[in-house]
Amino acid sequence: MATLSEAYTETPLHLQHIIPIDFDSVEEVPQSHSWPQSDDESPRRMFNLDGDHFSIPAIDLDSPDAIEMAGHACKIMGIFQVTNHGIPSSLLREVESQAWRFFTLPARAKVKALRSPSGATGYGVARIAPFFNKFMWHEGFTMMGSPLEHAREVWPHGYRKFCEVMEDYQDKMKALSERLLAMILKYLGLSEHDVDWPRLRSNACTALQLNSYPRCPDPGQAMGLAPHTDTLLLTILHQNHSAHGLQVHREGQGWVPVFPMNGALVVNVGDMLHIMSNAMFPSVVHRVIPSENTHRLTVGYFYGPPTDFHVGPIHGLTQTSGQEDAARFRSITVKDYVQMKAKNLDKALSMIRIR
């Protein structure tokens, strides 16, 4: 069975869409990274913080109402925050520490871990970069399992701690993802049998992404991460609390901020959960804006089914009477959808939509 990393081999990128700018060497936003101000996606087009209050639901996973609250948040917003999630604060601090250890290296050291043109792991800009005319104020390090291969290139004699921390974090994030997905299935009134739970868990597609958004001379011109939805089932994001930059798009409100909450993790619905829920749960469109004063760091974990798993509306959700309950998407394997989105980005969902 193909791995998630292998699913990207058919969409190789040019080096200009892999190697980040040396942020330490620039004193102003270069033209290559300056987003047009008239564009609807301009960083300046942001929610007015003095206007209507918007907040992401915060759910205590130890609460007896956690299942209902998580399911409702998925249905209404496609995003929520969780507390009492079981991830030790000491591990979150250690992951941050190791991420800073990498991103504060000089550019010449970081590129030793550069992602290959047909690869999915290692150092580089976001894979969505080729779909936009301007570059993003971002650098990342992607892992799928052990980062040993790349970490050893950066620290020939000091890679073990980095690898141990990242592998431990991925193990605990996988367990949390399974817990959250089980809660969401219960909210939908589905059993593990309805989604072939044992096979889904046994070879899940997962990825860990360290994101760095350096200080920006003019955040109004730059884009940290351009608008997109996530591909897999769920994304779990740890934000450091020194600055906010994550924004989600809300119908009728525009771009609204997701403020960091101490001790909480952000959870958002991805395309595959949108498909499996038969569009009941929105796949949330989000972006990131850089800061002039703060170097921002986030850690994203992505969880999805095995690459040969067929993703489609869950049978139990399309069985009630009424035309409105018919399947809205055709079934597609995880590998095929990953490759479709790697070539089409925001058009992928519409390409498998039935009506």
**Request:** Just grab all the salt bridge (Lys or Arg N to Asp or Glu O under 4.0 Å) pairs involving residues 269-285, residues at least two apart or on different chains.
**Result:** D271-K341

**Message:** Per the salt bridge (Lys or Arg N to Asp or Glu O under 4.0 Å) rule, what does the pair list look like for residues 152-168, sequence neighbours excluded?
**Reply:**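 Every salt bridge (Lys or Arg N to Asp or Glu O under 4.0 Å) pair that includes a residue of residues 152-168, provided the two are not neighbours, is D168-K172.
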
For [X] and [Y], which heavy atoms make the closest approach, and how far apart are they?
| X | Y | result |
| --- | --- | --- |
| V258 | Q239 | O-NE2, 3.6 Å |
| R287 | A226 | CB-C, 4.1 Å |
| F102 | A113 | CE1-CB, 4.3 Å |
| Q31 | K134 | O-NZ, 2.9 Å |
| I236 | S177 | CD1-OG, 3.4 Å |
| A207 | M144 | CB-CG, 4.0 Å |

How about [X] and [Y]: do any of their side-chain heavy atoms sit closer than 4.5 Å?
| X | Y | answer |
| --- | --- | --- |
| Y303 | L180 | no |
| T206 | L4 | no |
| V95 | V165 | yes |
| D308 | T333 | no |
| D218 | E28 | no |
| Y213 | S291 | no |
| I19 | L114 | yes |
| P214 | F103 | no |

How far does [atom1] of [X] sit from [atom2] of [Y], to the nearest 0.5 angstrom?
| X | Y | atom1 | atom2 | result |
| --- | --- | --- | --- | --- |
| I354 | F329 | CD1 | CZ | 9.0 Å |
| L188 | D194 | CG | CG | 10.0 Å |
| Q81 | F259 | CD | CZ | 11.0 Å |
| M223 | S34 | CE | OG | 11.0 Å |
| L190 | H315 | CG | NE2 | 11.0 Å |
| R296 | C216 | CZ | SG | 13.5 Å |

Output yes when a side-chain donor or acceptor of [X] lies under 3.5 Å from a complementary backbone atom of [Y], and no otherwise.
| X | Y | value |
| --- | --- | --- |
| E68 | D65 | no |
| N278 | I314 | no |
| S25 | D22 | yes |
| H310 | I332 | no |
| R215 | N293 | yes |

Short side-chain donor-acceptor distance under 3.5 Å, [Y] and [X]:
| X | Y | value |
| --- | --- | --- |
| Q209 | T142 | yes |
| H286 | H249 | no |
| H138 | N211 | yes |
| Q170 | Y301 | no |

**Worked check of side chain to side chain contact (heavy atoms under 4.5 Å, CB included) between V299 and L92** = CA-CA 9 Å; V299 183; L92 293 172; over 6 Å; no

**Request:** Sequence neighbours left out, what passes salt bridge (Lys or Arg N to Asp or Glu O under 4.0 Å) with R353? Give chain and number order.
**Result:** none

**Request:** Kindly write out the residues that satisfy salt bridge (Lys or Arg N to Asp or Glu O under 4.0 Å) with R179, not counting sequence neighbours, or none if the list is empty.
**Result:**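 Per chain and number, R179 pairs via salt bridge (Lys or Arg N to Asp or Glu O under 4.0 Å) with D62.
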
Heavy-atom neighbours of [X] [atom1] exceed 12 at 6.0 Å:
| X | atom1 | answer |
| --- | --- | --- |
| K186 | NZ | no |
| H72 | NE2 | no |
| Q16 | CD | yes |

**Item:** M261: hydrophobic cluster co-members (side-chain, 4.5 Å)
**Value:** none

**Asked** For V26, what are the other residues in its hydrophobic cluster, where any two members join if their side-chain heavy atoms are less than 4.5 angstrom apart?
**Response**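 Answer for V26: I21, F23, V29, W137.
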
**Message:** Apply side chain to side chain contact (heavy atoms under 4.5 Å, CB included) to residues Q339 and T11 and explain how you reach the verdict.
**Reply:** CA-CA 7 Å; Q339 292 178 338; T11 52; 5.5 Å; no

**Prompt:** Between F141 and F162, how do the two ring planes meet: parallel, tilted or perpendicular, split at 30° and 60°?
**Reply:**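 Ring orientation, 0 to 90° scale: tilted.
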
**side chain to side chain contact (heavy atoms under 4.5 Å, CB included) between L176 and L61, worked out** = CA-CA 10 Å; L176 177 58; L61 292 186; 3.9 Å; yes

**Asked** Please walk me through it: do I79 and V266 pass side chain to side chain contact (heavy atoms under 4.5 Å, CB included)?
**Response** CA-CA 7 Å; I79 187 169; V266 178; 3.7 Å; yes

**Asked** What about I289 and V125, same hydrophobic cluster or not, with Ile/Leu/Val/Met/Phe/Trp/Tyr joined at side-chain heavy-atom distances under 4.5 Å?
**Response**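 No, I289 and V125 fall in different hydrophobic clusters.
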
